[in-house]
Amino acid sequence: MNKTEIKPVSLTTHPETNTLWKWKEQATGYLFLAPSILLFVIFLFYPLVKSLYLSFFLTDPQGNIARFVGIENYVKLFASSGFLNSIGVTGLFTLYTVPTSIILALIMAVLTHQKIKGIRLFQFTFSLPLAISVGTASVIWMLLFHPSSGMFNYFLNLIGVGPIFWLSDPNWALFSISLMTVWMNIGFLYIVLLSGLQGIPDHLYESAKLDGAGVWNQFRHVTVPMLSPTIFFAVIVSIIGAFQAFGQIHIMTQGGPVDRTNVMVYDLYREAFIHFQFGTGSARALVLFVIILLLTLVQFKLAEKKVHYQ
Amino acid sequence: MIRRQSKHLLHYAVLSILAILILYPIFYTFSSALMTPEEMDAYPPRWLPGSLYLDNLSTVNELVPVLQFIKNSFIVSTAVMIGQLVTASMAAYAFAFIPFKGRQLLFALFLSTMMIPWEVTVIPNYLTIREWGWLDSYPGLTVPFMATAFGTFLLRQFFLQLPRDLIDAAKIDGCGHWRIFVSLVLPLSRPAIGTLAVYAFLTTWNMYFWPLLITNSDSMRTVQIGISMLQWQEMMSWNLVLAGVAMVLLPSLILLMLGLKQLVRGITAGAVKG
C-alpha cells in the first residue's frame, strides 16, 4: 500500500458510470459471499429442510423414503417412554454440569485475576482442559473410574469408603459422566470468565474502594454486574453444549446402564445410525432443534431484563 | 501484616487444591504412559515412573497406527482451518466494506445459522456425503465445515474497528476491493485471523460425532476416534492406552501453550462483547 499514484476518482460523481459502479459493487459483494453461501446452502439449509421432510416419512436402511406417515413420527415420539426418558436425562445432566462448571470456573477466574507471584502458571493450568478433547478425556476418565483398578476407588479405599461402580451403577453413572464433563468444560469457561474480568475497568474498583467497599462488596457491586453479560454468555453456551453432549456417553456408557445416561443426542445417534431409522431419527433431531432454539430465545428475553450492558 | 500473609497463604492453598484437581488426570496420563508394565501393576499404585520408559510409545504405535491418526487429524484440521479463514474473511469483508443490496438481511441470515445445532443436519449430510462417495475420505471430513458464521461474525467485528480513513484513502488511490482486501485488511487483521485459526483448528481437532460416522478405515480415522477405540481392545494394557493418549495430547497442549493468548483475545472480542 505504499504506492500513492493518484488516479482521478470520477466514478462516484458521474451519473452514467455511477450505475455501472453500483452494479460492480453488488456483484463484488455477492462474489465475496459466494463460498460461504454455497457451503451453507449445501450443508446447512438444505439439510435443515430435508430433516423436516424426512421426519414425516418412514425410511428404509438405505435412507430411501418408504412411506409417508405425516406427524405420526412425532406422535409416537412423545408417547415413547424411551424418548421422554432421554429428555429427562438430558435435563438432569444439564442441571448437574452447568451450574457446577460455571461456579467453579468463576471461582478460579476471580482467584487468578490478581497480580501475585506465579499467577500465570495457575492461569495456564486452569485453561489446560481446553486442549483436551472429548475422546481423550473419556479414555482417561474411564480408566480412573474403573471399579477395581481405577485410581478413584483406590483413593476412596484409602479413606475407607468403598468401591463405587462409577459407570455401571445406574445411580452413579450420570453423576460420573457429569463429573468428567465439568472437568472437561472448565477450561473454556475459565478463559471466558477471566477475559470478562480483565475487561472490567480498574477505576470502578478504585472508586468502590474509596467508598469503603470491602472485597465482598466489590465483588457484589462491581464484579457481578459488570461480568453479568459474560456469565450470561457462559450460561447459554453451557446449556446448549449440555444438550449436545455425545462423545463421553458414546465412549463411556453407550447410554447405559438401563438408559440412565441415554441423552438426547445419543438417542438420536442410536435411532439413526444403529437402527438406521432416518425418519424417526430426523423427528428427534427437530425436537432437539426446537428445544435449543426455545432455550436460546428464553434466555435472550430474560437477559434483556436482567443483564447489565455497558 | 500477619493477617495479610495468612490471607495470601489461604489464597495460594485454594489455588493449589483447584490446580491439583484439574491437573491430576493429565498427570496420571503422562506418568502412566512412562511406566513399565510392572510399575503399572504395582500395588499400592505408583505416583511416578522409575525411569523414562519410552517403549510404550513405540509399542502402542506398532499395535495401532496412532501416528497415522495424528497425521489425519492434522490434515483435516489444517484444511478446515484454511477453508474457514478464506470463506469467513471474504464474507466478513463483504459485510463490513461492500454496500450491496440485502446486506443486512444476509447478515441476519448468517447469524441465525449459529442457532442451528449440527445434530439437525447430520442425517441429511451423512446421506449427501454417502451419495457423493465421500465416506471415509478427506473431503468428506473437511468440506462440510469450511464455512463458519461464528468466524465471519468475529472477523467482521474486527474489520469494522479498522481505521476507516486507511480504507477510504486506498479507495481514492483507485484500489479495488480485492486489493484492499488482500493487501490492507488482511495484514491489519492478523490478530483476529490468528484467533480464528487457533479456534478452527482446535474445534476440528476435537470433533467426534462426524468422523465417527463417516470414517471406517484405520487410514482415515482421526485421533479422537482412533484413540477412543484403544480402550476397547481388550489385550491392550493401560500404560499402552495412556501412552497413545499422551501422544495425542502433546500436540494440543503445545498448541494451547502457543495459542492461548490469541484464543483469549478472540473469545473476548467475538463472544463476550458481541
Side-chain angles (χ1 to χ4, degrees), chain A residues 1 4 7 9 25-26 28-29 32-33 35-36 39-40 43-44 47-48 50-51 63 108 111 122 125-136 138-144 151 154 191-192 195-196 199 230 233 244 246-247 251 265 268 272-273 278 281-282 285-286 288-289 292-293 296, chain B residues 11 14-15 18-19 22-23 25-26 28-29 45 87 90-91 93-94 98-101 106 113 115-117 119-121 123-125 127 144 146-147 152 170 172-174 177 183-184 205-206 208-209 213 224 227-228 230-231 238 241 245 248-249 252-253 255-256 260 263-264 267-268 271-272:
Chain A
M1 276 330 300
T4 43
K7 288 180 188 167
V9 202
E25 286 280 291
Q26 299 276 334
T28 321
F32 271 78
L33 285 175
S36 294
L39 286 164
F40 280 148
F43 295 110
L44 214 59
L48 190 63
K50 179 95 184 276
S51 272
M108 290 170 175
L111 288 181
F122 285 108
T125 304
F126 294 151
S127 40
L128 267 182
L130 189 69
I132 296 166
S133 63
V134 71
T136 42
S138 302
V139 174
I140 300 172
W141 280 71
M142 235 186 130
L143 300 184
L144 292 171
M151 291 305 279
Y154 170 73
I191 289 187
V192 167
S195 312
T230 314
F233 167 78
Q244 293 180 305
F246 173 74
I251 296 172
V265 179
L268 158 70
F273 299 105
F278 292 117
S282 294
L286 276 153
L288 184 71
F289 173 45
I292 291 182
L293 200 65
T296 317
Chain B
H11 193 152
V14 176
L15 280 175
L18 289 169
I22 294 293
L23 279 178
I26 304 169
Y28 171 74
T29 305
T87 60
M90 284 174 69
Y93 181 87
I98 309 179
F100 61 89
K101 248 190 206 143
L106 268 176
T113 63
M115 287 203 211
I116 305 177
E119 289 86 356
V120 190
T121 59
I123 294 174
N125 277 340
L127 297 173
M146 285 196 176
T152 307
I172 291 170
D173 283 355
H177 281 302
S183 52
L184 192 64
W205 184 271
N206 290 345
Y208 186 81
F209 196 119
L213 281 188
Q224 306 308 329
I227 213 69
S228 64
L230 281 183
Q231 41 98 17
W238 283 16
V241 173
V245 172
V248 169
L249 270 182
S252 16
L253 289 181
L255 192 73
L256 183 75
L260 190 58
L263 212 58
V264 171
I267 290 168
T268 339
V272 180

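Each chain gets a letter, A, B and so on, in the order the sequences are listed, and its residues count up from 1.
Note: B:P144 leads B:S252, B:A147, B:P144, B:A94 in heavy-atom pairs under 4.5 Å with chain A. Contact count versus chain B (heavy atoms, under 4.5 Å) is highest, among A:L44, A:L293, A:L143, for A:L143. By number of non-hydrogen pairs under 4.5 angstrom with chain B, the leading residue of A:L33, A:V134, A:L288 is A:L33. Among A:A131, A:S282, A:A285, the residue with the largest count of heavy-atom pairs under 4.5 Å with chain B is A:A131.
Considering all non-hydrogen atoms of both residues, A:S127 and B:L256 come closest at O-CD2, 3.6 Å. Closest of all the heavy-atom pairs between A:G281 and B:I123 is C-CD1, 3.7 Å. B:I227 and A:G135 make their closest contact through CG2-C, 4.1 Å (heavy atoms, listed as atom of the first residue, atom of the second, distance). The minimum heavy-atom distance linking B:N125 with A:P47 is given by the pair OD1-CG, 3.2 Å. Across all their heavy atoms, A:L128 and B:I26 have their closest contact at CD1-CD1, 3.9 Å. Residues B:P25 and A:L144 come closest through the heavy atom pair CB-CD1, 4.0 Å.
Side-chain contact between A:E25 and B:P99 is present, with at least one heavy-atom pair separated by less than 4.5 Å. When side chains are defined from C-beta on, A:T28 does not count as touching B:F100, because their heavy atoms never get closer than 4.5 Å. A 4.5 Å side-chain heavy-atom check between B:H11 and A:L111 finds at least one atom pair inside the cut-off.
The CE atom of A:M108 lies 4.0 Å from the CD1 atom of B:I22; values are rounded to the nearest 0.5 Å. Residue B:T113 holds its OG1 atom at 12.0 Å from CG of A:L39, rounded to the nearest 0.5 Å. To the nearest 0.5 angstrom, A:I292 atom CD1 is 11.5 Å from B:I116 atom CD1. Remark: A:F126 CZ to B:L23 CG distance equals 8.5 Å, nearest 0.5 Å. Once rounded to the nearest 0.5 Å, the distance linking OG1 of B:T121 with CZ of A:F40 reads 11.5 Å.
Interface remark: A:L268 contributes side-chain atoms only to the contact with chain B (heavy atom separation under 4.5 Å). Both the backbone and the side chain of A:F278 come within contact range of chain B, judged by heavy atoms closer than 4.5 Å. A:I132 touches chain B through backbone and side chain together, each having a heavy atom under 4.5 Å away. Neither the backbone nor the side chain of B:L255 comes within contact range of chain A; no heavy atom of the residue lies under 4.5 Å from a heavy atom of that chain.
Ring orientation note: the planes of A:F273 and B:F209 are nearly perpendicular, at an angle over 60° on the 30°/60° scale. B:Y208 and A:F246 have tilted rings, their planes meeting at an angle from 30° to 60° on a 0 to 90° scale.
Between the side chain of A:S51 and the backbone N or O of B:V120 there is at least one donor-acceptor pair closer than 3.5 Å.
Among residues two or more places apart in sequence or in another chain, the side chain to side chain donor-acceptor pair (under 3.5 Å) test is passed with A:Q26 by none. Partners of A:T136 under the side chain to side chain donor-acceptor pair (under 3.5 Å) rule, at least two apart in sequence or in another chain, are A:S133.
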